[in-house]
Protein chains: 2
Amino acid sequence: MALFIGTHENKIDRKGRVSLPADYRAELPSEDDRTIYIFPSLYTSALEACDRAQLALHAERINALDQFSQEEAYFSSQILAEARKLGIDGDGRIVLPGEFMERAQLDGKALFVGGGPKFHIWQPEAYAAHRHETQEALAGRTLPSLTRPSS
Amino acid sequence: MALFIGTHENKIDRKGRVSLPADYRAELPSEDDRTIYIFPSLYTSALEACDRAQLALHAERINALDQFSQEEAYFSSQILAEARKLGIDGDGRIVLPGEFMERAQLDGKALFVGGGPKFHIWQPEAYAAHRHETQEALAGRTLPSLTRPSS
DNA sequence: TTTTATCCCATGATATTCCATGAAATCCCA
DNA sequence: TGGGATTTCATGGAATATCATGGGATAAAA
């Protein structure tokens, strides 16, 4: 499984190109699968990105819901319908669709924030504020162990 | 497994042809199996489409219902009886049968909406309304982890 | 023949690839 | 351990390929 960690602030050029941090690139599966998947995060202004395996897991979770149910429709429209496949060019860059840049209020700079199997792309100041908020709200929490055996 | 994601709005020309988004084409199994399967979606005005493997899964699910039950008859007549096999031409286009265009109220534009192993074809405004509805109804939901091991 | 469906080619727009540059980090050897 | 050499990295611009789409040609059906 990919492990995206750390934060990196990179420039977005006028064509919407940004270098994917080298650390992150190194975590991606194989050389021939030079793609990532990205979609607007459900409850923040950030963008969420992951590799194909992780997106397939999302699709599987959604598919495990009842077929033709409203829940299925919701997650499908919010995640799968919004997701884009982004190619990584020979120089390690991706092109952010304009729509996504607006959604995340990105202009000129992108902050990559590692989150294990996924990572987020934030407008730098927005992340600072978000980080401060969750820090305030949840400081002191403990993390539950896994209760079921990992298959 | 095919992963159809993102949304693409394409034109339907006067012959009923529409380009299947290149992203979707790339997800289809092999070059010689240039076909998709399509049927009217059960509870919306959209059309639902998938590759052969996914349709086979539908058939399998229907077959797993009690034989000769009303349920079996229902899903069989709504899905299997309505489904059509559409070829993809050399330029990556499909031809939508007139009957299906009426059913989905398509005129001139088709919105392809990715949903993992399947995708939907919507009249653009109808999708916007549908998306808004499910958003209203289920906003704030979180996606459950898989409770059963992936087979 | 008339109609209908399929295939083939042309075109503009968009997206992707290729190459060049400077800065920063890393390596190497005395 | 220092300092120069080398590689990696992020970034910019230009060349190239891909894609959606329209029109016409060809083949099959009525």
Side-chain angles (χ1 to χ4, degrees), chain A residues 4-28 30-39 47 49 52 83-102 106-114 119 121-124, chain B residues 2 4-28 31-38 49 84-102 106-114 119 121-124:
Chain A
F4 302 108
I5 57 166
T7 63
H8 306 261
E9 185 177 317
N10 287 344
K11 270 197 191 174
I12 305 173
D13 71 16
R14 72 181 104 172
K15 292 180 186 173
R17 293 185 299 189
V18 213
S19 285
L20 196 59
D23 291 358
Y24 289 14
R25 265 181 273 155
E27 289 291 330
L28 291 174
S30 67
E31 283 301 323
D32 38 28
D33 187 19
R34 299 181 66 78
T35 56
I36 60 165
Y37 293 81
I38 185 168
F39 57 91
L47 304 175
R52 187 182 173 94
R84 297 280 139 80
K85 183 178 187 172
L86 300 186
I88 301 171
D89 71 20
D91 303 318
R93 287 180 288 196
I94 56 175
V95 180
L96 291 172
E99 183 195 337
F100 280 16
M101 293 210 281
E102 286 171 25
L106 299 175
D107 85 307
K109 292 185 173 187
L111 185 68
F112 292 82
V113 179
F119 61 91
I121 301 177
W122 285 87
Q123 194 278 329
Chain B
F4 302 108
I5 58 161
T7 63
H8 307 261
E9 184 177 315
N10 287 345
K11 277 192 190 173
I12 305 174
D13 70 16
R14 68 182 106 172
K15 295 179 187 174
R17 295 182 299 185
V18 212
S19 286
L20 195 60
D23 290 358
Y24 290 14
R25 265 179 275 155
E27 290 291 332
L28 290 174
E31 283 299 326
D32 38 28
D33 186 19
R34 298 181 67 77
T35 56
I36 60 166
Y37 293 81
I38 185 168
R84 299 276 183 285
K85 184 177 184 173
L86 298 187
I88 301 170
D89 73 19
D91 301 321
R93 288 182 284 200
I94 55 175
V95 179
L96 292 172
E99 183 196 337
F100 280 15
M101 292 212 281
E102 286 170 26
L106 299 175
D107 83 308
K109 293 185 172 183
L111 186 70
F112 292 82
V113 180
F119 62 91
I121 302 177
W122 285 86
Q123 194 279 328

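In what follows, chains carry the letters A, B, and so on, assigned in the order in which the sequence lines appear, proteins first and then strands, with residues in each chain numbered from 1. All heavy atoms count here, side chains included; hydrogens, waters and symmetry mates do not.
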Roughly how far apart are A/R84 CZ and B/T7 OG1, rounded to 0.5 Å? 4.5 Å
Assign B/L20 to base, sugar-phosphate, or nothing according to its heavy-atom contacts below 4.0 angstrom with the strands shown. sugar-phosphate
Rounded distance (Å) that lies between atom C1' of D/dT21 and atom NZ of B/K109: 14 Å
Report the distance from atom CD of A/Q123 to atom NZ of A/K109, rounding to the nearest 0.5 Å. 10.0 Å
B/D89 CG - D/dG23 P separation (whole Å): 16 Å
Could you go step by step and tell me if A/D13 and A/K15 meet the salt bridge (charged side-chain N to carboxylate O under 4.0 Å, His left out) rule? CA-CA 5 Å; A/D13 71 16; A/K15 292 180 186 173; over 6 Å; no
Distance, rounded to the nearest Å, where A/D13 contributes CG and C/dC19 contributes C1': 15 Å
What's the CD1-P distance between A/I12 and D/dG12, to the nearest Å? 11 Å
For the student: nearest non-hydrogen atoms of B/W122 and B/V113, plus distance: CD1-CG2, 3.7 Å
Candidates D/dT21, C/dC18, D/dA20 - which lies nearest the side chain of B/P21: D/dA20
Whole-Å distance separating the NZ atom of B/K15 from the P atom of C/dT4: 13 Å
Indicate, with a heavy-atom threshold strictly under 4.0 Å, whether A/R93 touches base, sugar-phosphate, or nothing. base
Just the rounded figure in Å: distance from P of C/dT14 to CG of B/D23. 17 Å
Separation of atom NE2 in A/H8 from atom P in D/dT8, rounded to whole Å: 18 Å
So if I take every side-chain heavy atom of B/R25 and compare against D/dC19, D/dC9, D/dT11, which nucleotide ends up nearest? D/dC19
Considering every strand and a 4.0 Å limit on heavy-atom distances, what is the contact class for B/R17: base, sugar-phosphate, or nothing? base
Between A/F112 and A/Y24, how do the two ring planes meet: parallel, tilted or perpendicular, split at 30° and 60°? perpendicular
I'd like to know if B/D91 reaches the base of C/dC9 with its side chain such that a donor and an acceptor end up less than 3.5 angstrom apart. yes
Can you measure A/R34 atom CZ to C/dT16 atom C1' for me and round it to whole angstrom units? 13 Å
Using a heavy-atom cut-off of under 4.0 Å over every strand shown, decide if B/N10 touches base, sugar-phosphate, or nothing. sugar-phosphate
